[in-house]
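As structure tokens, the structure follows; a few thoughts come after it.
To find a chain, count down the sequence lines: A is the first, B the second, and so on, and within it residues start at 1.
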Protein chains: 2
Amino acid sequence: MTDISTRPASPTLDEVAVLAGVSRATVSRVVNDSPRVSPEARAAVHSAIAELRYVPNRMARSLVTRRTDTIALVLNEPNTQVFSDPFFASIVRGVSATLADTDLNLVLLTAQDEREQQKIGRYARQGHVDGVILMSVHSNDPLPDILADAGMPLVMCGRPFDDRAVAYVDADNRGGAEAATAHLIATGHSRIATITGPLDMIAGVDRLAGHRAALTAAGRQVHPELEAEGDFTEVGGARAMESLLARDPELDAVFVASDPMAVGALRALRAAGRRVPEDVAVVGFDDAAVAARCDPPLTTIAQPLTDMTPLLTELLLRQIEGVGEPAESRVCHTSLVRRASA
Amino acid sequence: MTDISTRPASPTLDEVAVLAGVSRATVSRVVNDSPRVSPEARAAVHSAIAELRYVPNRMARSLVTRRTDTIALVLNEPNTQVFSDPFFASIVRGVSATLADTDLNLVLLTAQDEREQQKIGRYARQGHVDGVILMSVHSNDPLPDILADAGMPLVMCGRPFDDRAVAYVDADNRGGAEAATAHLIATGHSRIATITGPLDMIAGVDRLAGHRAALTAAGRQVHPELEAEGDFTEVGGARAMESLLARDPELDAVFVASDPMAVGALRALRAAGRRVPEDVAVVGFDDAAVAARCDPPLTTIAQPLTDMTPLLTELLLRQIEGVGEPAESRVCHTSLVRRASA
DNA sequence: GGTCTGTGCGGGAGCGCTCTCACAGTGGCA
DNA sequence: TGCCACTGTGAGAGCGCTCCCGCACAGACC
């Protein structure tokens, strides 16, 4: 079979070496910035590279170095709505910016279902990436196990469900939620509801726990009918708010476990004729950009994303470099941002 | 230097071959589903693979096959807001679903600025991917040229600015916009404004052209003061609407070049005390999920995303397989979806 | 019995790179 | 002058895989 390919065969190290009149080893040294090369040889190699438009073949290099200089950020999310959550965009942007100055590449991988998670697991195990940052993990996801079993460097954004020894970076969800509800209590509200995140996600669970802890600490009762589960989307938040209102029309405050859901809740409250904050006070969680510009501006819990994203990459790189060191984790402080809604 | 790595060395083809009592070649045949293997040998290899938990090293394979079985979807977008546009989520989800049944992997690459585009260009040229789908191209982006020059199989989502020979899939933006404004004319509106997309993007340019064409076809004048440039975001849409209202308080209709912007425009109109559609009729573009649930439900132009995403991958795969064939392109029809806003 | 086709399998080269090692050349120092 | 470091360089092995080629053997056919 003759090769009728019209795609230009890319030049190899050898061709560069021949053109520059040096050995392959020297070209390799120049490409990898080794100091032990004479200025003349370096110049000759550089001009040969330019002339041939040489680009190193990463597959060949990776085969010997066992490194791809690529890390994966996995968005593990069946719900398309959530995919456009500003929280994700911020993390992606932050990690990407952190890596911009390095020669590391970032690839995003998305999984809608378990099958796609398996596929991503295979992709990682086949050696395409040096490490993985895992976002939006649900309780039954197989991916953390697949990756951990394969010995793949891994950092989770959000702590794992069980107390496994995996590195993670998380916001203090429990503390933040506690502060939110404590604020609602301190400002004199008596019937405080909550719209939780999905309870198969640790952020959902922890924020609910914080809310309950604040109630308990203040000597209040925890009322199950004042808790509605949302899904971190605006639509889900609106739906949960309607359901809470139906169950207890007298409620006078609500802690909503994410800003997109809070926007939905605000909409539902307006539709139900409630004024915010006069009739019902609302506190969100995230301090997303939307929080400042919704009506009324949303009191919310700020997640320290500017701390979290560099940490995420730092912990991962440390694992990739210092193989065998124990995985480290970090929890970042949250803070209450007071605006008009509560 | 002794290797103190604790990461388990992954087993190789050779080890599988030894354990199964066959040659490397036979293991390779089994792994690649070649029919010329006896059932006994196949079974032996399979059990050896299972026992060793063997995963083929893709770098080694790619080195010889010149294939990575990975394609990249590049989101080329400086504006983080736009990153959470539902349109992107739909494309990503669609392409991902199309590839789910194949053994092709999909990676998402994002570029916020030109430097990151260069980095992506390098990533692609180094041989990490077999082909690229490029989204959200702005007029000065260097990436299309970098990729095309490197002979990388490429399909653009949205036609290119110049009439270069690059494959693309696009919606009929001009026709859709024309239909939108024609609808506004037909329903008796006289002062029809438009909020355009970014005019450094072809979708922005084409939709504006369609709007103007509809006005001209109806014998109307094109008024520059009734055109405001948005950025495809909700915030940008609201801002553009305010500016239009300030310039011409009497306007009675507006064609908004994307649904997120239309949501912003709706908000601005409400804030300005205008009723929709009684005072001002609004038509959007996209038929995003949000269009059906905003208040009032949005009349909009549907993009045939379910046609477009399979086409995107199909055209790319055809380029990857049939090297040297001329690049093919497609334009998909749009349709008016009538709801309450116009 | 001899030749031929077909099937299953293994040997071995080679994909493009890195990296160890050896070697020639230079200069410093006793 | 002799010895030792040190520096720049090249030869060559080898990373894990695929794939071409050739061999052994089985069965079909003259």
Side-chain angles (χ1 to χ4, degrees), chain A residues 1-3 5 7-46 48-49 52-69 103 125-128 130, chain B residues 1-3 5 7-46 48-49 52-69 103 125-128 130:
Chain A
M1 198 169 72
T2 61
D3 182 19
S5 163
R7 212 174 295 161
S10 37
T12 69
L13 245 201
D14 286 84
E15 299 173 42
V16 175
V18 169
L19 183 61
V22 298
S23 71
R24 285 201 323 280
T26 297
V27 178
S28 178
R29 276 186 276 260
V30 171
V31 169
N32 294 294
D33 273 329
S34 159
R36 344 237 85 163
V37 183
S38 68
E40 304 80 51
R42 186 181 302 277
V45 169
H46 274 140
I49 286 176
L52 295 175
R53 313 187 65 220
Y54 169 71
V55 177
N57 179 322
R58 286 311 302 261
M59 300 302 127
R61 179 197 287 217
S62 296
L63 184 56
V64 17
T65 61
R66 264 74 247 290
R67 288 278 240 119
T68 61
D69 291 330
D103 51 3
R125 293 197 62 196
Q126 285 171 343
H128 283 105
D130 294 340
Chain B
M1 198 170 72
T2 60
D3 182 18
S5 163
R7 212 173 297 160
S10 39
T12 69
L13 245 200
D14 288 83
E15 299 172 42
V16 175
V18 170
L19 183 60
V22 297
S23 71
R24 285 200 323 281
T26 298
V27 178
S28 178
R29 278 185 276 259
V30 171
V31 169
N32 293 293
D33 274 330
S34 158
R36 342 239 86 162
V37 183
S38 67
E40 303 79 53
R42 186 180 302 277
V45 169
H46 274 139
I49 287 176
L52 294 176
R53 312 187 64 219
Y54 169 72
V55 177
N57 179 324
R58 284 312 301 262
M59 301 302 127
R61 179 198 289 217
S62 295
L63 184 56
V64 15
T65 61
R66 266 69 248 289
R67 287 279 238 117
T68 62
D69 292 330
D103 50 4
R125 292 197 61 196
Q126 285 172 345
H128 282 105
D130 294 340

[X], nearest nucleotide to its side chain (from [options]):
X: A:Val37; options: C:dG16, D:dT9, D:dG10; value: D:dT9
X: B:Arg24; options: C:dG10, C:dA13, C:dT18; value: C:dA13
X: A:Ala25; options: C:dG10, D:dA11, D:dT18; value: D:dA11
X: B:Arg61; options: C:dC19, D:dT18, D:dG16; value: D:dT18

* pair A:Arg66-B:Asn57: side-chain heavy atoms closer than 4.5 Å -> yes
* To do: State, yes or no, whether a side-chain contact exists between A:Leu52 and A:Glu15 at a heavy-atom distance under 4.5 Å.
  => yes
* Which part of the nucleic acid, if any, lies within contact of B:Val22, taking any heavy atom under 4.0 Å across all strands shown: a base, the sugar-phosphate backbone alone, or nothing? -> sugar-phosphate
Figure out the [atom1]/[atom2] separation between [X] and [N], and round it to whole Å.
X: B:Leu63; N: C:dT18; atom1: CG; atom2: P; value: 12 Å
X: A:Asn57; N: C:dG14; atom1: CG; atom2: P; value: 18 Å
X: A:Met59; N: C:dG14; atom1: CE; atom2: P; value: 23 Å
X: A:Leu13; N: D:dG10; atom1: CG; atom2: C1'; value: 14 Å
X: B:Arg67; N: C:dG16; atom1: CZ; atom2: C1'; value: 19 Å
X: B:Arg36; N: C:dG10; atom1: CZ; atom2: P; value: 16 Å
X: A:Asp14; N: D:dG12; atom1: CG; atom2: C1'; value: 12 Å

Would you say [X] places a side-chain N or O within less than 4.0 Å of OP1 or OP2 belonging to [N]?
X: B:Ser28; N: D:dT18; result: yes
X: B:Thr65; N: C:dC15; result: no
X: B:Thr26; N: C:dG10; result: yes
X: A:Asn32; N: C:dT18; result: yes
X: A:Arg29; N: C:dC19; result: no
X: A:Ser23; N: D:dG10; result: yes

* Which is it for B:Asn32 and B:Arg61 under the side-chain contact (heavy atoms from CB on, under 4.5 Å) test, yes or no, and what are the steps along the way? -> CA-CA 11 Å; B:Asn32 293 293; B:Arg61 179 198 289 217; 3.3 Å; yes
* Base D:dG8 to side chain A:Arg42, donor-acceptor N/O within 3.5 Å cut-off -> no
* Is a side-chain donor or acceptor of B:Ser62 paired with a backbone partner of A:Met59 at a separation under 3.5 angstrom? -> no
* Asked: Counting distance only, does the side-chain N/O of A:Asp130 pair as donor-acceptor with the main-chain N or O of A:Arg67 below 3.5 Å?
  -> no
